[in-house]
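Chain A is the first sequence line, chain B the second, and so forth, proteins listed ahead of strands; every chain is numbered from 1.
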Number of protein chains: 2
Amino acid sequence: MTASTLTVFGTERAVPEVTIERLSIYSRVLRSLELSGRETISSAGLARHTPYAAAQIRRDLAWFGQFGTRGKGYDVTNLRRQLDVILGVHVTRRAALIGAGNLGLALLGYTGFREHNFEFAAAFDANRQKVGTYAQGVRIYAMSEIAAVVADTDIEIAVLAVPAVAAQDCADAAVRAGIKALLNFAPTQLSVPDGVQVRNVDLSVELEHLSYFLERRQERIGRIASSDPP
Amino acid sequence: MTASTLTVFGTERAVPEVTIERLSIYSRVLRSLELSGRETISSAGLARHTPYAAAQIRRDLAWFGQFGTRGKGYDVTNLRRQLDVILGVHVTRRAALIGAGNLGLALLGYTGFREHNFEFAAAFDANRQKVGTYAQGVRIYAMSEIAAVVADTDIEIAVLAVPAVAAQDCADAAVRAGIKALLNFAPTQLSVPDGVQVRNVDLSVELEHLSYFLERRQERIGRIASSDPP
DNA sequence: TAGATTGTTAATCGATTAACAATC
DNA sequence: TAGATTGTTAATCGATTAACAATC
């Protein structure tokens, strides 16, 4: 069974999303090992550089094939390359920014996109004043132009950096224009048709999670201080 | 059993992290229902506004107590308030920005922090030029001053916006200074002592996840087009 | 060969979902 | 009372971990 058939036909289980996230982290660790001159590493060695167990790593890799040598471990460069092929990071992907406000402009300037072979080919904004101008060398279009621009430029990804109230409408427009992957920075759950991938970067959820933790911590300290019964 | 005892003494299971994330989303949905004038809602109704099942919602809430009325559902305002207390969002938390580069400055300007009662009380940067200056009204200090500043100002949270190579050192310094919660934007896995909470906002992982999805999609399309065997 | 380490199967653990008695 | 919906227990599902035979 090849990786490509995994999710498609009938009974095979799909690769869990968390596995993909870990693959990305393995790739990163391998890159730094490569730089340090290391040539080979075991799953146990890799585990020491991550929060994951060796068995977890081997099982994650098993979804995609066999990459190691028994008794020896993995070739650092080879494994890194294979992971990068699996993750598809060698291919340049064109993206559209939707929402050229503060966050959007910061994202346009963020080098991480380029480093991951993402290329902003267009930006869209509701503000008439901005339409026709350029930011970071990227032209800003009106939302109404999205279908035409996406079709013209092979854009596959939309990066949503609009206010929460506008996010669903923008996502709908992007999907209608043929976009298949969305990176959503708006604090809302988007609903999209099957076959469209959404990843959320939700600062609200992160901040509330930290709040929760600190609040609980206070309580724990309070209870210990006052010697409450166990 | 009260919520506060959950994770602390002996055998009780800890609240799963995903539950906390969903709580944050429920709170957000309830807020918008509140604005729309809705007074009461069932778990099934709530489910329709999220990607989660009604049973999931009831079970998530069960970790913290009983909030509904059988036969009737939940009081929208009441439930939202209770969730906000659980999440601790009513308390103002002081944060330090570490790394006043492009991303860091964008974060200082981001209104979401203030909206969640996070207040940047100080910023830190390795660049001597920046030390002593202000950004968005926040003073920038040298990293060497972190212990003193954190002690003086009751800072509980560090927002890490430094290059990956510097992240672990900065995290260590923050932890030594007494910080208990870290929001990490650097693409690295930080290692921190027990009792310190780290949340990662890792664009690399998100981008590689989207790449993976698009790559797989291509394969699927390719295979269907060439009518490969099932 | 002996030691190390993979790839994979089986056991465990935990989270989600289904079912339903309690009760408004 | 009948209908609706909770809170909770039990069943299911899936992911992680442990164990180990295969093999370098």
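- Contact between B:Ile98 and B:Ala158 at its shortest, heavy atoms only, is CD1-CB, 4.0 Å.
- In the model, A:Glu119 has no side-chain atom that pairs as donor or acceptor with a side-chain atom of A:Thr92 under 3.5 Å.
- The residue among A:Lys72 and A:Thr19 whose nearest nucleotide of DNA chain D lies closer to the 5′ end is A:Thr19.
- Residues that satisfy the side chain to side chain donor-acceptor pair (under 3.5 Å) test with A:Asn117, not counting sequence neighbours, are absent from this structure.
- For the side chain to side chain donor-acceptor pair (under 3.5 Å) test, residues two or more places apart in sequence or in another chain that qualify with A:Asp84 are A:Ser27, A:Arg80.
- Every residue meeting the side chain to side chain contact (heavy atoms under 4.5 Å, CB included) condition with A:Asp202, not counting sequence neighbours, appears here in chain and number order: A:Pro187, A:Ser204, A:Val205, B:Arg28.
- With sequence neighbours excluded, the residues satisfying side chain to side chain contact (heavy atoms under 4.5 Å, CB included) with A:Glu208 are B:Ser24, B:Arg31, B:Leu87, B:Val89, B:His116.
- Along DNA chain D, the stretch of nucleotides lying under 4.0 Å from any heavy atom of chain A spans, 5' to 3', D:dG14 to D:dC24.
- For the segment residues 54-62 of chain A, residues with any heavy atom less than 4.0 angstrom from an atom of DNA chain C are, sorted by number, A:Arg58, A:Arg59.
- Of all the residues in residues 34-52 of chain B, not one reaches under 4.0 Å from DNA chain C with any non-hydrogen atom.
- For the pair B:Phe67 and A:Gly71, nearest-nucleotide mapping onto DNA chain D gives the more 5' position to B:Phe67.
- Among residues two or more places apart in sequence or in another chain, the side chain to side chain donor-acceptor pair (under 3.5 Å) test is passed with B:Glu215 by A:Arg93.
- Residue B:Asn102 qualifies as open at atom CG: its count of foreign heavy atoms under 6.0 Å is 12 or below.
- Within the structure, salt bridge (Lys or Arg N to Asp or Glu O under 4.0 Å) contacts touching residues 57-77 of chain A (residues at least two apart or in different chains) are A:Arg22-A:Asp60.
- Here the side chain of A:Thr40 pairs a donor or acceptor atom with the backbone of A:Tyr74 at under 3.5 angstrom.
- Under the side chain to side chain contact (heavy atoms under 4.5 Å, CB included) criterion, B:Ala173 pairs with B:Met143, B:Ile146, B:Arg176, not counting sequence neighbours.
- Judged as a side-chain hydrogen bond (donor to acceptor under 3.5 Å, both in side chains), not a single pair has a partner in residues 44-54 of chain B (not counting sequence neighbours).
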inquiry  = Reading 5' to 3' and counting Watson-Crick or G-U wobble pairs with both distances under 3.5 Å, write the dot-bracket notation for DNA chain D, | for bases paired outside the strand.
reply    = ..||||||||||||||||||||||
message = For a salt bridge (charged side-chain N to carboxylate O under 4.0 Å, His left out) check, start with the C-alpha distance between A:Arg199 and A:Glu17, then their side-chain angles and the critical distance, and finish with the verdict.
response = CA-CA 11 Å; A:Arg199 300 289 301 178; A:Glu17 303 243 313; 3.0 Å; yes
